[in-house]
Amino acid sequence: MAKHRITSEQLRAARALLRWEQRDLARESGVSHPTIARLELQPGPLAAWARTSDKLQAALEKAGVEFVPEEGEKGEGVRFRERRDLSQNT
């Protein structure tokens, strides 16, 4: 099964779920901070090489985020792969 191509909106939403700044994602993915900033500004599917997109997606998935593809009338999104007790993170 082919990997679903994530969007800049999903990238920002995934960071928000994790409470990560762009610099956190840069550190965890190995993608430069300026590249992440540029990619997040352009709406729609990430305008990046497949390798760059894969690195970003892999870092976020490793942290527990699941990317939900568009389905029928419902748009794409993100969620935690497993239920989390977020009160423990503060």
Side-chain angles (χ1 to χ4, degrees):
M1 182 174 176
K3 218 176 196 185
H4 143 229
R5 190 164 175 202
I6 66 172
T7 65
S8 63
E9 293 81 8
Q10 285 177 298
L11 189 64
R12 289 190 309 274
R15 280 195 313 99
L17 274 177
L18 296 169
R19 298 181 179 161
W20 280 7
E21 300 292 331
Q22 290 176 340
R23 291 189 191 282
D24 299 317
L25 180 55
R27 181 186 62 246
E28 296 299 322
S29 68
V31 175
S32 74
H33 177 247
T35 297
I36 292 169
R38 177 183 55 81
L39 292 173
E40 286 189 355
L41 286 175
Q42 301 172 353
L46 287 184
W49 292 101
R51 182 172 181 221
T52 300
S53 181
D54 289 348
K55 288 169 86 173
L56 293 168
Q57 187 169 349
L60 292 162
E61 287 175 343
K62 181 179 177 186
V65 171
E66 178 180 19
F67 292 91
V68 182
E70 185 175 327
E71 186 177 307
E73 295 294 317
K74 296 180 180 181
E76 71 277 338
V78 296
R79 63 183 174 209
F80 286 118
R81 188 174 45 251
E82 298 173 353
R83 180 169 289 202
R84 290 189 169 192
D85 181 3
L86 295 178
S87 66
Q88 305 262 333
N89 291 341
T90 54

L11 and L25: CA distance, side-chain angles, deciding distance, side chain to side chain contact (heavy atoms under 4.5 Å, CB included) verdict: CA-CA 10 Å; L11 189 64; L25 180 55; 3.8 Å; yes

Donor-acceptor contact below 3.5 Å, side chain E9 vs main chain G44: yes

Shortest non-hydrogen contact between V31 and K55, atoms and distance: CG2-CB, 4.0 Å

Nearest heavy-atom neighbours spanning S8 and L39: CB-O, 3.4 Å

More than 12 heavy atoms of other groups within 6.0 Å of R81 CZ: yes

Main-chain N/O of R15 paired with Q22 side-chain donor or acceptor, under 3.5 Å: no

Distance-minimising heavy-atom pair for Q42 and A47: OE1-CB, 3.0 Å

Contact summary for F80 and L17, nearest pair of heavy atoms: CZ-O, 3.3 Å

Option passing side-chain contact (heavy atoms from CB on, under 4.5 Å) with F67 (candidates Q57, R79, R5): Q57

Interatomic spacing from CG in D54 to CZ in R51 - rounded to 0.5 Å: 10.0 Å

Between CG on residue L56 and CD on residue E40, distance to nearest 0.5 Å: 8.5 Å

Note: D24-R27 ion pair, threshold 4.0 Å (strictly below): yes

Sidechain-backbone polar pair: E70 side chain, G75 backbone, donor-acceptor under 3.5 Å: no

Heavy-atom closest contact (I6 atom, S53 atom, distance): CG1-OG, 4.1 Å

Pairwise distance CG(L46) to OG1(T35) - rounded to 0.5 angstrom: 11.5 Å

Heavy-atom neighbours of E66 CD exceed 12 at 6.0 Å: yes

Short side-chain to backbone donor-acceptor contact, S29 and A59, under 3.5 Å: no

